[in-house]
Amino acid sequence: MKKSNKILFFGNERLATGVVTNTPIVRSLIEHGYIIEAIVVPASKTSPSRKTRPLEIAAFAKEQGIELLELNALLPNLERLKSFNAEVGVLAAFGKLVPQEVIDIFPYGIINIHPSLLPLHRGTIPIEAVILSGEKQTGVSLMKLVKQMDAGPLYDQTVLSLSGNESKQELADRLGALGSERLIKVLPQILGDQLKPKPQNGNQATYDSRLHQSQAVLDFSKSKDALIREIRAFKGWPRSRSAINGDPIIIVSAHSIGGSNDARPGEFFAREGELAVATSDGILIIDRLIPSGGKEMSGNDYLRGRRLN
RNA sequence: CGCGGGGUGGAGCAGCGGCAGCUCGCGUGGCUCAUAACCACGAGGCCGGCGGUUCGAGUCCGCCCCCCGCAA
């Protein structure tokens, strides 16, 4: 008996806020002969917008002639979802909880690719959380989706060592690629009933609550290392913010340097032609920033137009 | 009709009715053991576009185009 290789895909593959994706998971499934019956994403808000960033996966669906279902809610569309007769669901960055009734329509349930070493970093910001806490490693987990957030039993887990300098985008890319690679490896075993998922140790679970915009304002009484991690983790969204002489700025990237200074934490100053700011334990050089109303530019360029002191 | 900021030499900005300027970069020459070097000279602008007001418009008025931030 040969099982069908029909899959229903849930999610947009944006593993972190403010990143772009080349949708590696759905691409790789297709390359390996699986048939994506449809791609399901939560309906985009209809609020008026100066510029909306279209989902990469929507463009991919169009290019491949795959049906894209933008749904406000899954339950009212249960029959529709059933009609595809998919063997299994695959979910990556869906952004909403999936009701048990939907999970149950698939003989093999829904497989969730989660970019962390579960049970660590359950929730919607695993990538940001790992950067913020400066962890040495992270990874990708494949689990059987259950109703409770990120609590399903694990099929597979792979560790990724970190240098500590990865950007959010870079981590999202690497974990997305790794996740798709593992999925291709493991999916045949799941569909062949050769792999049983192992329960997570719920006692060790950590859960990250989503980021809030109020966290975006940099607090220079923190250490320079913590501030740099924040800037990296918040890049894209919610973005790290501050102000120079009342001029609001977004700090895109920065690095720390040794040396002391007599500036108070939070005070910006020019240092050898570069834009610097004092922290509680050192100096940050602002590499890239966005002034209000302006485009992203280097700290040096900022200094040329608006001299401090 | 969502809210707001902005388009001025290659980069970043100032100028807001009367000869288009500053910092940097670039070129040439000079100076220094050396420096984010320094000094002198120089090139480089249809001031986003179209129309209007005016003796005179980057500058004021109207419309349009483009960029950016917020609103996940």
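Labels below follow one simple rule: chain letters A, B, ... track the order of the sequence lines, proteins then strands, and each chain is numbered from 1. Values reported hereafter were calculated over all heavy atoms of this structure, with side chains retained and with hydrogens, waters and symmetry mates removed.
- Using a 3.5 Å distance cut-off with no hydrogens or angles, the side chains of E13(A) and T23(A) do not pair a donor with an acceptor.
- Using atom P as the reference point in both G56(B) and C67(B), the two lie 35 Å apart (nearest Å).
- Across the protein-nucleic acid pair, L289(A) atom CG and C68(B) atom P stand 16 Å apart, rounded to whole Å.
- Distance noted for atom P between G4(B) and C55(B): 35 Å (whole Å).
- Summarising the geometry, the separation between CD1 on I125(A) and C1' on A72(B) is reported as 14 Å, rounded to the nearest angstrom.
- For S133(A) and E135(A), the side-chain atoms include at least one donor-acceptor pair closer than 3.5 Å.
- Between T138(A) and P115(A), the shortest heavy-atom contact is OG1-O, 4.0 Å.
- Salt bridge present: R306(A) and D247(A) bring a charged side-chain N and a carboxylate O closer than 4.0 Å.
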- line: Note, RNA chain B 5' to 3' with Watson-Crick or G-U pairs under 3.5 Å encoded as ( ), [ ], | and . gives .(((((((.[[[[.)..(..]]]].(((((.......))))).....[[[[[..)....]]]]]))))))..
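- Connection of L154(A) to L117(A) is not established within any shared hydrophobic cluster, with ILVMFWY side chains joined at heavy-atom distances below 4.5 Å, either directly or through further cluster members.
- R122(A) and Q200(A) share a side-chain donor-acceptor pair at under 3.5 Å.
- Between the C1' atoms of C16(B) and G25(B), the separation comes to 28 Å (whole Å).
- Under the 4.0 Å criterion applied to side-chain N and carboxylate O atoms, R288(A) and E296(A) are assigned as salt-bridge partners.
- For the pair W237(A) CH2 and G69(B) P, the computed distance is 15 Å after rounding to whole Å.
- Counting to the nearest Å, the P atom of A72(B) and the CD atom of E128(A) are 17 Å from each other.
- Ion pairing between E128(A) and R232(A) fails under the 4.0 Å rule for side-chain N and carboxylate O.
- Between the side chains of S223(A) and D225(A), not a single donor N or O lies within less than 3.5 Å of an accepting N or O.
- Rounded to whole Å, the separation between the P atoms of G44(B) and G10(B) comes to 11 Å.
- Between the C1' atom of G69(B) and the CD1 atom of I251(A) lies a distance of 15 Å, rounded to the nearest Å.
- The residue R241(A) sits close only to the backbone: its heavy atoms come under 4.0 Å of sugar-phosphate atoms, none of a base.
- Remark: the separation of the P atoms in C68(B) and A34(B) is 45 Å, to the nearest Å.
- Distance noted for atom C1' between G5(B) and C13(B): 15 Å (whole Å).
- Here, U23(B) and G29(B) have their P atoms 23 Å apart, quoted to the whole Å.
- Comparing atom distances between the E272(A) side chain and each of A72(B), A36(B), C70(B) picks out A36(B) as nearest.
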task: Sugar-phosphate means primed atoms, P, OP1 and OP2; the rest is base. With that split, encode nucleotides 5-13 of chain B 5' to 3' as B, S or - using protein heavy atoms under 4.0 Å.
output: B-----BBS
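- Ion pair R271(A)/E274(A) not flagged as a salt bridge, since none of the NZ, NE, NH1 or NH2 atoms sits closer than 4.0 Å to an Asp/Glu carboxylate oxygen.
- For the pair R239(A) and C70(B), the criterion of a side-chain N or O lying under 4.0 Å from OP1 or OP2 is met.
- Separation of the C1' atoms belonging to C1(B) and G17(B) is 34 Å when rounded to the nearest angstrom.
- One finds a salt bridge joining D301(A) and R304(A) here, because a Lys/Arg side-chain nitrogen approaches an Asp/Glu carboxylate oxygen to under 4.0 Å.
- Glycosidic conformation, G58(B): syn, with the torsion inside 90° of 0.
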Using atom names, set out every protein N or O paired with an N or O of nucleotides 31-34 of chain B below 3.5 Å, distance rounded to 0.1 Å.
none

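- With 3.5 Å as the limit, one finds no donor-acceptor pair spanning the side chains of Y207(A) and D150(A).
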